[in-house]
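Just below is one structure, and these are the notes that go with it.
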Amino acid sequence: MNLKNQLVKKSDYLWELPTHVKKGMKVPVQVYASKKILEEIGGDKSLEQLTNVAMLPGITKASIVMPDVHEGYGFPIGGIAATSWPDGGISPGGIGYDINCGVRLLASHLKREDLLRRGEDLAKALYAQVPSGVGKGGNILLSEKELDEVLRRGVQWALEKGYAVPEDIAKIESQGQLDNSDPQFVSEYAKRRGIDQLGTIGSGNHFVEVSYIDEIYDEEIAATFGLKLGRLTVLIHTGSRGLGHQVASDYMKVMVASMGKYGISVPDRELACVPFNSQEGQEYFKAMAAAANYAWCNRQVITWEIRNAWEEFFKGKNTQLDLVYDVAHNIAKVEDHVVNGEKKKLIVHRKGSTRSFGPGHPEVTDCYKQTGQPVIIPGSMGTASYVMAGTAHAMEESFGSTCHGAGRRMSRRAAQRSVNIHELEKELAGRNIFVRAGSRSGVSEEAPIAYKDIDEVIEVVHQAGIAKKVARLRPMAVIKG
DNA sequence: ATGTTC
């Protein structure tokens with residue numbers, strides 16, 4: 001039975017697969033999409049994966065997915081799965097291999113004109129300063145003891161070492177430090193992979209991008225976020241590198257091996273999970289938090305590298321780079337939500353989804369309390385990125401979550417086959433966008449054609465009311481692995 | 001995403 005044909009329209013931007021479409025579903029599947037987006041989804045396993053997620057132990061309200069959905073490991077990317085605390089399932093597949101993959105936005109005091117005709121040079125300068133590529137190590141030498149401090153204390157460690165300024169801390173989700181971290185549950189192998197990778201971007205869809213603000217949708221919120229028309233900004237997209245990947249791999253094995261003892265069965269072993277309050281569940285949660293802290297530290301050290309390069313490149317000008325905000329895209333958190341009028345503590349898995357807490361939410365930092373948290377959504381290489389604000393409506397509908405990017409519509413392999421790198425680079429250069437990448441595959445796999453239309457994705461979440469448009473960014477210089 | 005088949 002074709003699942004796509006069974007989607008029931010709830011509104012122009014919200015569709016549902018009722019529980020009766022598949023035996024074992026405990027909750028419906030909730031899909032945020034427009035007609036246009038719907039045409040591009042369901043060609044992969046994502047809808048089937050969503051019905052599987054709807055069978056997880058303790059799954060609450062709905063198996064939710066955003067318009068940037070595509071197939072992932074067990075769970076689709078672009079999804080949210082909230083399970084009941086304390087004994088609902090926690091699943092590494094619901095967070096993903098790149099724990100706390102996320103994005104951070106820096107706002108400069110310089111204008112687009114300050115970079116005209118120098119975009120290529122800046123791309124080179126940043127490429128020289130920020131290590132990138134698969135398996136690539138960096139320039140920060142950590143002792144094993146220091147790595148444990150990074151894992152335990154996240155950006156607090158970076159602040160003490162001079163990689164952060166005090167103003168940065170409040171502008172990071174969870175202040176860049178999950179306090180449930182415990183490095184003793186991160187394997188020695190994972191630590192070995194992470195010890196020399198702090199301050200590196202990696203490969204795949206990870207990047208550093210210099211953009212300028214070309215459109216403001218909400219003047220008041222943009223002003224609060226420190227965003228002005230025509231100003232240059234910097235986006236940093238990366239995660240926990242080899243360390244987080246290893247934590248995910250390690251615990252996926254643990255979950256498969258111990259699931260049975262808790263009487264849990266799932267329709268796909270990639271959804272392997274254990275009760276959150278079991279020993280294995282707690283150990284994973286603590287290791288995941290350690291990897292998340294590593295990722296925040298990684299984006300912080302990259303910020304430091306970029307600030308140094310920026311100062312050197314724009315010598316004589318105002319070279320301050322203010323952190324606007326830093327959001328996690330792949331993470332699980334224990335949060336309070338209201339479900340059917342009842343206040344509940346839930347384990348919220350976000351996999352390729354951004355927290356979108358609205359005005360007044362207690363976890364939103366003071367300086368953004370009136371506006372809601374900044375939500376930063378990168379597009380694909382060469383296309384626009386967006387800054388949005390969290391909404392109260394997201395709390396009611398999507399566990400305070402929204403989309404995280406454009407979302408793939410083509411596999412990496414298919415993209416490699418269909419993209420001519422030379423022509424793509426020429427086309428981008430014609431639009432004054434300079435790409436500096438370490439590998440050819442890094443460019444072709446991330447070509448705009450391999451992704452959905454970011455403008456359409458943004459329109460869906462904006463119209464659905466689960467995030468609010470604030471500003472649009474246009475790329476000028478990109479560095480990739 | 002990932003020392004891309006530890």
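In the text below, chain A, chain B and the rest are named by the order of the sequence lines, each starting its count at 1.
Under 4.0 angstrom from either OP1 or OP2 of B:dT4 there lies no side-chain N or O belonging to A:Arg412. Taking side-chain N and O atoms only, A:Ser203 has a distance below 4.0 Å to OP1 or OP2 of B:dT2.
In this structure, A:Ile95 atom CD1 and B:dT2 atom P are separated by 17 Å, rounded to whole Å. Note: NE2 (A:His245) to C1' (B:dC6) measures 10 Å, nearest angstrom. Look at CD on A:Glu446: it is 11 Å from P on B:dT2, rounded to the nearest Å. Per the geometry, OH belonging to A:Tyr73 stands 17 Å off P belonging to B:dT2, to the nearest Å. If you take NZ of A:Lys136 and C1' of B:dT4, they are 17 Å apart, rounded to a whole angstrom. Atom CD of A:Gln246 is separated from atom P of B:dT2 by 13 Å (rounded to the nearest Å). As rounded to whole Å, 13 Å separates atom P of B:dT2 from atom OH of A:Tyr97. As a whole-Å value, the separation of A:Met252 CE from B:dC6 P is 17 Å.
Using cut-offs of 30° and 60° on the angle between ring planes, the pair A:His349 and A:Phe75 is parallel. Relative ring orientation between A:Phe225 and A:Tyr368 is described as perpendicular, the plane-to-plane angle rising above 60° on a 0-90° scale split at 30° and 60°.
You'll find that the side chain of A:Tyr189 is closest to B:dC6, out of B:dC6, B:dT4, B:dT2.
When A:Val301, A:Leu141, A:Leu243 are each tested for a side-chain contact (heavy atoms from CB on, under 4.5 Å) with A:Leu198, only one passes: A:Val301.
No engagement by A:Gln416 is indicated, since no non-hydrogen atom pair under 4.0 Å with the nucleic acid exists. At the heavy-atom level, A:Gln197 lies under 4.0 Å from the strands shown only through sugar-phosphate atoms. Contact annotation for A:Gly239: no contact, since no heavy-atom pair falls under 4.0 Å across all strands. At a threshold of 4.0 angstrom between heavy atoms, the contacts of A:Gly242 are confined to the sugar-phosphate backbone, with no base atom among them.
Between the side chains of A:Tyr451 and A:Asp68, no donor-acceptor pair of N or O atoms lies under 3.5 Å. Looking only at atom types and distance, the side chain of A:Asp168 has a donor-acceptor partner in the side chain of A:Gln300 under 3.5 Å away.
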